[in-house]
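Since this is a predicted model, take the numbers as computed values, not measurements.
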Number of protein chains: 2
Amino acid sequence: MENFDTVSLSFCGGTHNHKNCVTTALDEAEQLCISRGVRLTDARKRVLELVWDSHNPIGAYDVLSKLSQESGKTAPPTVYRALDFLLEQGLIHRIESLNAFVGCSHPKEEHSGLFLICKDCGCAAEVHDAVIDKTILNKTDALGFKAEQRVLEVRGLCPDCVA
Amino acid sequence: MENFDTVSLSFCGGTHNHKNCVTTALDEAEQLCISRGVRLTDARKRVLELVWDSHNPIGAYDVLSKLSQESGKTAPPTVYRALDFLLEQGLIHRIESLNAFVGCSHPKEEHSGLFLICKDCGCAAEVHDAVIDKTILNKTDALGFKAEQRVLEVRGLCPDCVA
DNA sequence: TTCGTTTTGTTATGTTATAACATTTACAAC
DNA sequence: GTTGTAAATGTTATAACATAACAAAACGAA
């Protein structure tokens with residue numbers, strides 16, 4: 001497995017051209033879906049783009065309203081179905097504590113990230129740490145619990161908002 | 001800090017008299033609220049009892065319907081207010097990935113648990129592990145993120161359902 | 001007993017998510 | 001290219017989860 005000990009979505013202060021992130025993510029998604037033999041339809045791609053466009057985690061109904069603005073009346077299932085597809089393919093993550101979604105920048109391999117959510121600016125960074133993964137797995141194993149999915153979210157203040 | 005490296009709510013198969021758990025928890029809650037100078041009113045106490053009575057995590061509206069059965073018409077804010085109070089006092093935990101609540105058996109000290117949630121039987125065990133706490137804190141500190149609250153939930157199969 | 005605070009009641013509404021079924025689209029087999 | 005089938009989308013309705021706002025009651029200190 002590739003080394004993921006990185007902050008994949010930089011904190012809000014990180015000066016990066018988010019447009020590039022989006023383009024790259026969409027291209028990767030396209031390739032990935034082809035290689036998996038699944039269809040990244042226009043609707044799904046557009047939802048993925050809207051999720052990425054929003055720098056911060058975005059709620060399903062916010063995606064819905066943006067979609068409605070550009071395409072006329074749209075109903076919740078349209079959005080939820082696209083989101084479900086994207087979740088299945090690992091192209092986005094759901095932040096449980098926010099009921100919101102963020103793009104994933106390394107969807108190739110299955111993984112559970114650690115999400116650092118700033119209560120002040122609302123930004124969310126996805127972090128990976130093999131030690132954390134191992135530590136938690138050790139614990140669940142020791143208890144005879146067969147772990148399948150993990151939710152790990154930390155709420156607090158990002159470096160920019162601490163300052 | 002007391003040693004919490006234990007499974008505080010046993011897995012569903014654990015043969016324990018749950019009624020005792022409930023009684024003990026209610027007594028403790030009573031004492032704790034007195035010592036903190038906050039009021040564990042009848043409504044709050046009853047909600048706490050209902051949460052404990054349910055061996056598995058219980059949703060706010062399930063609490064509501066039980067409350068309505070015994071006390072006549074009850075509205076959501078009644079339940080949510082009680083749940084909020086109990087959360088503030090650390091007497092219950094919220095499971096984000098289930099939108100549900102569980103009693104906490106060691107509310108004296110503030111803590112963030114690890115919740116093991118069985119997708120089969122629906123049981124949830126609260127576990128504590130200082131190494132996990134430290135590992136995660138190390139990571140957030142290293143990134144300059146000031147952690148305040150943590151959500152750590154693992155979904156899978158409990159020992160009984162694996163077998 | 002009076003006053004201010006906390007708690008509860010009540011009504012309404014906001015937010016998040018899915019069920020169920022009709023229609024359309026993609027695409028492989030012929 | 002037509003046709004059959006599966007996948008995807010459209011559409012309507014509703015379920016599930018949560019809070020805002022204001023009125024009334026209960027509590028407890030002065």
Give a yes/no on whether any side-chain N or O of B:T78 is located under 4.0 angstrom from OP1 or OP2 of C:dT8.
no
Rounded to the Å, how far apart are A:L67 CG and D:dT11 P?
13 Å
Students should find that the hydrophobic cluster of B:L137, defined by side-chain heavy atoms under 4.5 Å apart, otherwise consists of none
Look for any protein N or O under 3.5 Å of an N or O in nucleotides 17-21 of chain C and output each such pair with its distance, or none.
{"unit_1": "C:dA17", "atom_1": "OP1", "unit_2": "A:R94", "atom_2": "NH1", "d": "2.7"}
{"unit_1": "C:dA17", "atom_1": "OP1", "unit_2": "A:R94", "atom_2": "NH2", "d": "2.6"}
{"unit_1": "C:dA17", "atom_1": "OP2", "unit_2": "A:Y80", "atom_2": "OH", "d": "3.0"}
{"unit_1": "C:dA17", "atom_1": "O5'", "unit_2": "A:Y80", "atom_2": "OH", "d": "3.4"}
{"unit_1": "C:dA17", "atom_1": "N7", "unit_2": "A:Y61", "atom_2": "OH", "d": "2.5"}
{"unit_1": "C:dA17", "atom_1": "N6", "unit_2": "A:Y61", "atom_2": "OH", "d": "3.2"}

Identify, with sequence neighbours excluded, every residue that meets side chain to side chain contact (heavy atoms under 4.5 Å, CB included) alongside B:T24.
B:E28
Could you tell me how far apart B:E96 (CD) and D:dC17 (P) are, to the nearest whole angstrom?
13 Å
Round to a whole Å and report the spacing from CD1 of A:I95 to P of C:dT16.
14 Å
Only counting residues at least two apart or in another chain, list the ones meeting side chain to side chain contact (heavy atoms under 4.5 Å, CB included) with A:K119.
A:R155, A:L157, B:E148
Going by the rule salt bridge (charged side-chain N to carboxylate O under 4.0 Å, His left out), which residues pair with A:E49 if we only count those two or more places apart in sequence or in a different chain?
A:R46
Side chain to side chain contact (heavy atoms under 4.5 Å, CB included) with A:S65: which residues, sequence neighbours excluded?
none
As a check of understanding: the bend across the helix from C:dT1-D:dA30 to C:dC30-D:dG1, end axes from five pairs, rounded to 10 degrees, works out to 30°
In whole angstrom, what separates A:R44's CZ from D:dG10's P?
11 Å
What side chain to side chain donor-acceptor pair (under 3.5 Å) pairs are there with at least one residue in residues 34-44 of chain B, not counting sequence neighbours?
B:R36-B:Q89
Hey, is A:D133 close enough to A:R150 for a salt bridge, meaning N to O under 4.0 Å?
yes
As a test of reading the structure: which of C:dT11, C:dT7, D:dG10 is closest to the side chain of B:K73, going by heavy atoms?
C:dT11
Heavy atom of residues 25-43 of chain A under 4.0 Å from DNA chain C: which residues?
A:R39
Could you list the cluster mates of A:V151? Members are the ILVMFWY residues connected by side-chain heavy atoms closer than 4.5 Å, either directly or through other members.
B:V151
Euclidean distance, atom CG of residue A:L98 to atom P of C:dT15 [Å, nearest integer]
16 Å
Taken in chain and number order and not counting sequence neighbours, the residues that satisfy ring pair (Phe, Tyr, Trp, His ring centres under 6.0 Å) with B:F101 are none
Which of parallel (below 30°), tilted (30 to 60°) and perpendicular (above 60°) describes A:W52 and A:H18?
tilted
Taken in chain and number order and not counting sequence neighbours, the residues that satisfy side chain to side chain contact (heavy atoms under 4.5 Å, CB included) with B:R81 are B:P77
